[in-house]
Amino acid sequence: MNLAGQWHYAMQIMPSLLSGVQMTLSIFIFTLIGAIPLGIIVGLGRASHFKPLKDLLGIYVWIMRGTPLLLQLIVVFYGLPIIGIVFQRYNAALFAFIINYAAYFAEIFRGGLQSIDRGQYESARVLRLTYWQTIRKIVLPQVMKIVLPSIGNEVINLVKDSSLVYVIGLGDLLRAGNVATSRDVTLLPLLLVGIIYLLLTAVLTFIQQRVENHYSYFK
Amino acid sequence: MLELKQVSKRYGRKTILNDFNLTVNQGEILAIVGPSGAGKTTLLRCISGLERIDSGEIQLDGKPFDPYINRDNDSVTGVVFQDFQLFPNLNVLENITLAPMLALKKDKDAARKQALDLLKRLGLDGKEQLYPYQLSGGQKQRVALARALAMQPRILCYDEPTSALDPDLRQEVEKMILGLKTDGMTQLVVTHDLDFAKQIADNIKRVEAL
């Protein structure tokens with residue numbers, strides 16, 4: 001194939017790649033929407049002084065971080081129906097991603113929470129703020145600033161991890177490229193897939209910088 | 001008038017305060033002096049409700065008063081911490097108005113007006129938009145004081161107000177504390193600096209390590 005032919009072919013497979021991007025982005029966005037708040041809550045629990053809660057959440061984090069995400073996807077989609085919990089493919093993927101990423105986020109937030117000086121809580125307390133007011137107005141903004149670089153890492157990982165949904169039969173970007181590659185016996189689709197991932201990551205890196213800049217107003 | 005009657009506080013097996021008695025009269029400045037480890041800060045933490053006393057009684061105007069429980073109901077004590085503990089993510093104005101708005105349910109304009117008045121009185125006008133990292137130690141302390149005063153406490157407590165500052169700022173702190181005294185504020189100052197205590201205090205209470 002000459003260059004014009006290559007270009008023509010690329011344009012031909014682009015719609016299927018873009019519909020794969022849709023799945024990738026949809027998993028990505030909804031996982032973040034679910035996993036970040038859940039991660040904050042689990043992180044607060046892990047940083048608390050209530051031992052049973054701390055231990056229970058510790059076990060959760062251990063399981064989530066201690067087994068492959070691929071395995072977790074399989075268990076949620078193929079395993080849970082055995083005990084009567086049936087998810088649609090897409091919901092199974094989201095559920096597995098959210099509980100997996102929430103565990104990583106929780107550990108990041110726990111670290112951030114524990115780096116806040118106890119004196120901050122105490123000064124809030126003598127000013128008669130409630131626990132939740134203290135968390136929302138004083139602690140979380142400071143924690144956010146601390147955890148942003150680590151969160152950014154996980155977020156970029158998530159874009160690529162979303163390709164694991166192929167294992168339960170969902171069609172994402174990487175799978176679209178794979179299908180085209182084996183059908184047409186050319187590596188060009190996978191090259192395009194790589195470029196699209198890089199573009200997505202570039203956008204995310206840009207957003208991350210913007211958010212970090214937003215938090216640079218205090219030290 | 002705040003009285004402590006035979007107050008004891010232990011951490012595990014270590015006794016920090018043992019049958020401790022103390023009286024702070026309305027409008028006076030009481031300095032608590034003693035070496036490090038003598039329980040000065042613990043005492044202040046008990047009075048401001050950050051620690052619960054193990055035994056004894058605290059009285060406010062002759063009535064029993066538990067700062068640990070009462071904390072949420074009434075502005076009895078304000079605290080200026082040794083390291084100030086300003087909120088780094090909030091600017092000077094927000095540091096001062098946050099608690100009056102959230103805890104006293106003041107509206108924004110009233111809280112703001114009060115904060116600006118306090119800043120002016122403490123010589124910090126024009127600093128309201130700055131963030132804590134942009135302030136000097138002395139300025140941070142005055143913001144911490146303004147923040148405590150905005151809650152209209154009856155008793156103001158200072159934990160080592162001179163220790164985090166340059167020595168030449170000591171007189172500034174003296175002026176600040178004595179200035180508040182002329183307004184009738186009851187103040188309790190924990191310090192290891194006896195000279196400083198003698199300069200400002202009406203009464204000095206010495207504590208020794210147990």
Which atoms form the tightest heavy-atom contact between [X] and [Y], and what is the distance?
X        : Y        : value
A:Arg128 : B:Ser75  : NH1-OG, 2.7 Å
B:Gly49  : A:Arg125 : O-NH2, 3.7 Å
A:Lys219 : B:Pro88  : O-CB, 3.5 Å

Is it true that, when you exclude [X] itself, more than 12 heavy atoms of the residues, nucleotides or ligands shown sit nearer than 6.0 Å to its [atom1]?
X        : atom1 : answer
B:Arg170 : CZ    : yes
B:Lys127 : NZ    : no
B:Lys205 : NZ    : yes
A:Phe206 : CZ    : no

Subject >> Structural part of B:Asp83 lying under 4.5 Å from a heavy atom of chain A >> reply: side chain
Original post:
Heavy-atom distance under 4.5 Å to chain A: side chain of B:Leu86, backbone, both or neither?
Top reply: backbone
Rounded to the nearest 0.5 Å, how far does [atom2] of [Y] lie from [atom1] of [X]?
X        : Y        : atom1 : atom2 : result
B:Asn89  : A:Met144 : CG    : CE    : 12.0 Å
B:Phe81  : A:Asp117 : CZ    : CG    : 10.0 Å
B:Leu130 : A:Phe218 : CG    : CZ    : 16.0 Å
B:Glu94  : A:Ile138 : CD    : CD1   : 11.0 Å

Original post:
Relative to chain B, which segment of A:Tyr215 carries a heavy atom at a distance below 4.5 Å: side chain, backbone, both, or neither?
Top reply: neither
Original post:
Any side-chain heavy atom of B:Arg45 sitting closer than 4.5 Å to one from A:Glu122?
Top reply: yes
Original post:
Can you find a pair of side-chain heavy atoms, one from A:Leu127 and one from B:Leu98, that are under 4.5 Å apart?
Top reply: no
